[in-house]
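Only one structure is covered here, and it is reproduced in the block below.
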Number of protein chains: 2
Amino acid sequence: MGRTSGRKAVLIEAAQRAMAEHGTAVRLNQIAEQAGVTSSAVLYHYPNIEELLVDANRAGMERFYDQRMLAISGLTDPVEKLVTTIALGVPRSSDDEEVRLLCSLGGEAARNTIYAVLLTSLYDRQVGMFQAILDSGVVSGDFRLAQDSEVIARNLVALEDAYGYRIMAKHPTLDYATAVDLILDYARMATDHALPAPSRITRLSRPAHT
Amino acid sequence: MGRTSGRKAVLIEAAQRAMAEHGTAVRLNQIAEQAGVTSSAVLYHYPNIEELLVDANRAGMERFYDQRMLAISGLTDPVEKLVTTIALGVPRSSDDEEVRLLCSLGGEAARNTIYAVLLTSLYDRQVGMFQAILDSGVVSGDFRLAQDSEVIARNLVALEDAYGYRIMAKHPTLDYATAVDLILDYARMATDHALPAPSRITRLSRPAHT
DNA sequence: CAAATTGTTGAATTTGAGTTCAGGAAACTC
DNA sequence: GAGTTTCCTGAACTCAAATTCAACAATTTG
C-alpha cells in the first residue's frame, strides 16, 4: 500500500469533491457519500475530520501547483512558459473544482491558521515560479522588466487569484478569456514583450478525478 | 423610526460583527450574542436569517464603497484621488472587519448566488470608480494611460482584492505598506505617473461601529 | 484453515442549533 | 390609565449532525 495507505487517498479525494461542492462547512456525511461509505468508515481513518480537510486541501494545492509546473517543464521558451502558466492559473469556468477549493479556503484563512499557512505557502511558491520564468526571460533577452521581477511575480499571482474569485462568482462580464487577457495586458507592460494569447490546446486536457 | 426600523439596524451591525468573526457559517446564537439579545429576538425581526445576513453584507459593502467615495470627494487632484483610493482599498491589518466580511463572502459566492451578485456589483462599482479617476487624470494631463482605462481599473480592483485576502491570512511578507506599494507599482506603470506614497493621515480615522 | 488484523456497518447516544410559542414587559395611543 | 402594539424572553420541541460502539465482513498472516 502507498504512503497514504490507499484508503486514505480515496477519502482525501472524496473530501476534495465534497468541499468543492459544499465549502468549508462541509458535513462528514457529505464526504462519506462522496467516498461511497458511511460516516463511521471515514471516522475510522480520520477520527478528527479537521485533519482530513487539511490533508485534502494540502493535496489539492499540491496538485494545482504541480500541474502547472509539469505543463511548463517541457517548454523552453520563456514567453511560452509565462503565457502557459498564466493560462493555467485561471479557472476555465466556475466548475473548476481545484480553484473552487482554493476560494473556499480564502475566506476561512482569516480565522483558521492552518489554511492561512497553506495558502500563504501556495502564494509564495507561485511567486517563485513566476519569478523564475521572468528571470529566465531576461537572460534570454525576451523580457525587459519594467519592475523588479518579484514585484511583477507577486502582482501576477494576485491577479490570477482575484480573477479566479470573480470567475467562481460567475461574473457576467468576466469570463476565462477576458481574465487571461487582463493579466496578459499587465504582463506585456511589465515585460515589454507582446506576449501572444495562449494556444488553444492549453489546459484542454484535464486529468479525471478517478 | 428610520427606514430600517431602528432595531433592525442594530441586528445588522451585530450580524456583521458576528460574521466577521465566524464567517459564513455564523450561528444565529452568535448574532444574538453580538446584539445582546436572545435568538428569539433576532427571529422576531428576521424570521429568515438568510435575509439578515444578506442585509448585513449588503450594508457592509455599501459602507466599504461609500467610505472611499466620501474620502476622495473632497480631493480635486486625480493623483491624490488615485493614491487615496488605493490606500483605502487595502486592509491595514487582519483585524479589518469590513474586508474580513468581504473575504468570507468570496468563497461562498461560488455556491450562493446572492452573495455572488453582491460581490459582482461591488467589483463593478469599484471598477467604475477607478475608471472615473483615471479618465479625469487623463483630462487633467496628469496621466498618460498605457492601456484602456477599463483594463487598468479592473486590474487595480483585482489587485486590491487579492492583497486583501493575503493580509487577512496574515501573510508574513505582505503587510499593508507592501501591498499598497505593489499596487502603486502597477498604477505607476499604467498611468506613466510617479504616484507618491499615500500620506500618513489616510485612513487613520475609522468610524466606531457604534 | 485458524487466527489476527483491518475495514466497515448500523444502531444508539449525545450534542447543538433552529424553531415555535405562550407569556410578559415596555412604550405608545387615545 | 386602560388598551394596544411592539419587542423580547425562556422553555419546550424538533431535527440534523457528530460520535460511540458492538458486531460483522474481508483480507492477511502464520
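Side-chain nitrogen and oxygen atoms of B/Ser40 include none within less than 4.0 Å of the OP1 or OP2 phosphate oxygen of D/dC8. At D/dC7, one or more side-chain N or O atoms of B/Tyr44 fall inside 4.0 Å of OP1 or OP2 (strictly under the cut-off). Neither OP1 nor OP2 of C/dT6 sits under 4.0 Å from any side-chain N or O of A/His45. Between C/dT8 and A/Thr38, no contact under 4.0 Å exists linking OP1 or OP2 to a side-chain N or O. The phosphate of D/dA18 has OP1 or OP2 within less than 4.0 Å of a side-chain N or O from A/Asn29.
Judged by distance alone, the side chain of B/Arg68 and the main-chain N or O of B/Thr85 form a donor-acceptor pair under 3.5 Å.
Regarding A/Gln30, its CD atom lies at a distance of 13 Å from the P atom of D/dA16, rounded to whole Å. Distance, A/Glu50 CD to D/dA18 P: 12 Å, rounded to whole Å. Separating the NE2 atom of A/His22 from the P atom of D/dA17 is a distance of 10 Å, rounded to the nearest angstrom. In this structure, the CZ atom of B/Arg7 is 14 Å from the P atom of C/dA26, given to the nearest Å. Following rounding to the nearest Å, A/Asn48 (CG) and D/dA18 (P) show an atom-to-atom distance of 12 Å. Between the P atom of C/dT15 and the CZ atom of A/Arg27 lies a distance of 18 Å, rounded to the nearest Å. Per the geometry, CG belonging to B/Leu28 stands 15 Å off C1' belonging to D/dC15, to the nearest Å. A straight line from CD1 of B/Ile31 to P of C/dG18 spans 8 Å, rounded to a whole angstrom.
The aromatic rings of B/Tyr163 and A/Tyr123 lie perpendicular to each other, with more than 60° between the two planes, well past the 30° mark.
Between A/Gln34 and the options A/Glu13, A/Gln16, A/Arg17, A/His22, a side chain to side chain donor-acceptor pair (under 3.5 Å) holds for only A/Arg17.
One side chain, A/Arg154 or B/Thr173, offers a donor N or O that lies under 3.5 Å from an acceptor on the other.
The side chain of B/Ala41 has D/dC8 as its nearest neighbour among C/dT8, D/dA18, D/dC8.
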Q. Which is it for A/Phe64 and A/Leu101 under the side-chain contact (heavy atoms from CB on, under 4.5 Å) test, yes or no, and what are the steps along the way?
A. CA-CA 10 Å; A/Phe64 179 74; A/Leu101 210 60; over 6 Å; no
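Among the heavy atoms of the strands lying under 4.0 Å from A/Leu43 is at least one base atom, whether or not backbone atoms are also near.
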